[in-house]
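First comes the structure, then the notes that go with it.
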There are 2 protein chains.
Amino acid sequence: MNIANPYSSNCPTRKVLDRVADKWAVLVLGLLIEGPIRFNRLRRAVEGISQKMLSQTLKSLERDGLVSRKAFATVPVTVEYAITPLGQTLATTLDALRVWAETHMEEVTANQQRYDAGAKSGA
Amino acid sequence: MNIANPYSSNCPTRKVLDRVADKWAVLVLGLLIEGPIRFNRLRRAVEGISQKMLSQTLKSLERDGLVSRKAFATVPVTVEYAITPLGQTLATTLDALRVWAETHMEEVTANQQRYDAGAKSGA
DNA sequence: GAGCCTAATTACCAAAAGAAACCATCGAGG
DNA sequence: CCTCGATGGTTTCTTTTGGTAATTAGGCTC
């Protein structure tokens, strides 16, 4: 079982890591944890995402078993996306990242400005 | 509404999240937490990374104040990279992600195979 | 003085993201 | 009737990013 190091490219952990390193997936999962939601509503909620990327993100999340898709044969066909139990475990983990961002973003931004200022004068 | 929802694109949290959604940054930070390390050593450790991407990743991590760079005027100039205290807090958070991956990768892989099989026959 | 090791950049090409248009269906309204 | 709007997508095109390989620069070794 001890497959261990994600630093070798053939390690499956690396694949999952690659998958998770996706800003849209992180944002979508973060929204889905609040409850099932329809496609366009999701699109409006996640500011800046295109239909293509949302569709693509949802498809791969579904493929991974992190979200479930349910289509209703209503007037204009509605599709509802929901997070799965597995997806919830990931969303919980990712939430720590959001908390980190909220806690440290000011410091990071300050660092960036200091760096940029230094690079400008130091060059 | 300074902080709050990362779903609006102008939220600084979103910027940090974008930044973190980078597989190389995650892997590099994970290695740096074990101690300072030189450029080429890092490159050999992170399998599959190119010099360009490593250089680029390190530069942006340095800009964010997550790692520090120290050049030594040795024979062939050596450069050592180390994680900063701020970087450590992030690396710790990201470690939870690695743990998630190690715990759930089998399930995710199984889901993918089931999905792919279903799509093939079900389409 | 050719070759090598260091860290990093550059040029070039492939892949992915982004923007915007199009598709098909149906109900509402002019 | 015919267009409009809303539904969830896909397609097309452009831009941005990532990957490969070659190059740079300096000094040491052979």
Side-chain angles (χ1 to χ4, degrees), chain A residues 7-10 14-15 17-29 31-32 36-64 67-82 115 118-119 122-123, chain B residues 7-10 14-15 17-28 31-32 36-64 67-82 115 119 122-123:
Chain A
Y7 301 104
S8 70
S9 54
N10 57 355
R14 177 82 163 256
K15 288 195 179 72
L17 219 53
D18 285 4
R19 164 106 225 34
V20 162
D22 175 358
K23 62 173 176 176
W24 296 131
V26 173
L27 291 167
V28 165
L29 276 176
L31 267 174
L32 283 176
I37 185 170
R38 285 182 299 104
F39 184 87
N40 274 327
R41 203 155 152 63
L42 199 50
R43 179 164 67 91
R44 281 186 287 266
V46 182
E47 213 171 277
I49 197 170
S50 65
Q51 284 119 319
K52 189 183 80 169
M53 286 313 295
L54 179 55
S55 176
Q56 202 170 298
T57 301
L58 286 169
K59 204 179 289 183
S60 68
L61 285 173
E62 191 195 355
R63 190 173 100 102
D64 290 351
V67 312
S68 63
R69 197 189 103 110
K70 194 174 179 185
F72 297 91
T74 52
V75 186
V77 63
T78 50
V79 181
E80 198 178 75
Y81 290 91
Y115 182 93
Chain B
Y7 300 105
S8 70
S9 54
N10 57 355
R14 177 81 162 257
K15 289 195 180 71
L17 219 53
D18 285 6
R19 166 107 227 29
V20 162
D22 175 357
K23 62 173 177 178
W24 296 131
V26 173
L27 291 167
V28 165
L31 266 175
L32 283 175
I37 185 170
R38 285 182 300 104
F39 184 88
N40 274 330
R41 203 156 151 63
L42 199 49
R43 179 164 68 90
R44 282 187 286 266
V46 182
E47 213 171 277
I49 197 170
S50 64
Q51 280 154 311
K52 190 183 80 167
M53 286 314 295
L54 180 55
S55 176
Q56 201 169 297
T57 301
L58 286 168
K59 201 180 288 182
S60 68
L61 285 173
E62 190 194 356
R63 190 173 101 100
D64 290 353
V67 313
S68 63
R69 198 189 101 111
K70 194 174 177 186
F72 296 91
T74 51
V75 188
V77 64
T78 51
V79 181
E80 197 177 75
Y81 290 91
Y115 182 94

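No hydrogens, no waters, no symmetry mates; every other heavy atom, side chains included, goes into these values. Residue numbering restarts at 1 for every chain, and letters A, B, ... go by the order of the sequence lines.
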*Any side-chain heavy-atom pair from Trp24(A) and Leu54(A) closer than 4.5 angstrom?*
no
Proximal nucleotide (of [options]) relative to the [X] side chain:
X	options	result
Pro76(B)	dG8(D), dT6(C), dA22(D)	dT6(C)
Trp24(B)	dA21(C), dA7(C), dG19(D)	dG19(D)
Gln56(B)	dG18(D), dG9(D), dT9(C)	dG18(D)
Lys52(B)	dG9(D), dT20(D), dA19(C)	dT20(D)
Ser55(B)	dT10(D), dT9(C), dG18(C)	dT9(C)
Thr78(B)	dA7(C), dT7(D), dG19(D)	dA7(C)

May I ask you to verify if any side-chain N or O of [X] is less than 4.0 angstrom from the OP1 or OP2 atom of [N]?
X	N	answer
Lys23(A)	dT17(D)	no
Lys59(A)	dT10(D)	yes
Arg38(A)	dG9(D)	no

Starting at atom [atom1] of [X], determine the distance to atom [atom2] of [N], rounded to an integer number of angstrom.
X	N	atom1	atom2	result
Asn40(A)	dG8(D)	CG	P	4 Å
Phe39(B)	dT24(D)	CZ	P	18 Å
Arg43(B)	dG19(D)	CZ	C1'	14 Å
Leu54(A)	dA20(C)	CG	P	17 Å
Asp18(B)	dA16(C)	CG	C1'	15 Å
Ile49(B)	dA21(D)	CD1	P	16 Å
Gln51(B)	dT24(D)	CD	C1'	12 Å
Glu80(A)	dG8(D)	CD	P	10 Å

*Base, sugar-phosphate, or nothing for Phe72(A), non-hydrogen atoms under 4.0 angstrom?*
nothing
Just verifying a value: how many Å separate [X] [atom1] and [Y] [atom2], rounded to the nearest 0.5 Å?
X	Y	atom1	atom2	answer
Arg44(B)	Arg38(B)	CZ	CZ	7.0 Å
Tyr115(A)	Ser60(B)	OH	OG	9.0 Å
Leu17(B)	Lys23(A)	CG	NZ	9.5 Å
Tyr81(A)	Leu42(A)	OH	CG	8.5 Å

_Whichever of Leu58(B) and Ser50(A) has its nearest DNA chain C nucleotide further upstream toward 5'_ = Leu58(B)
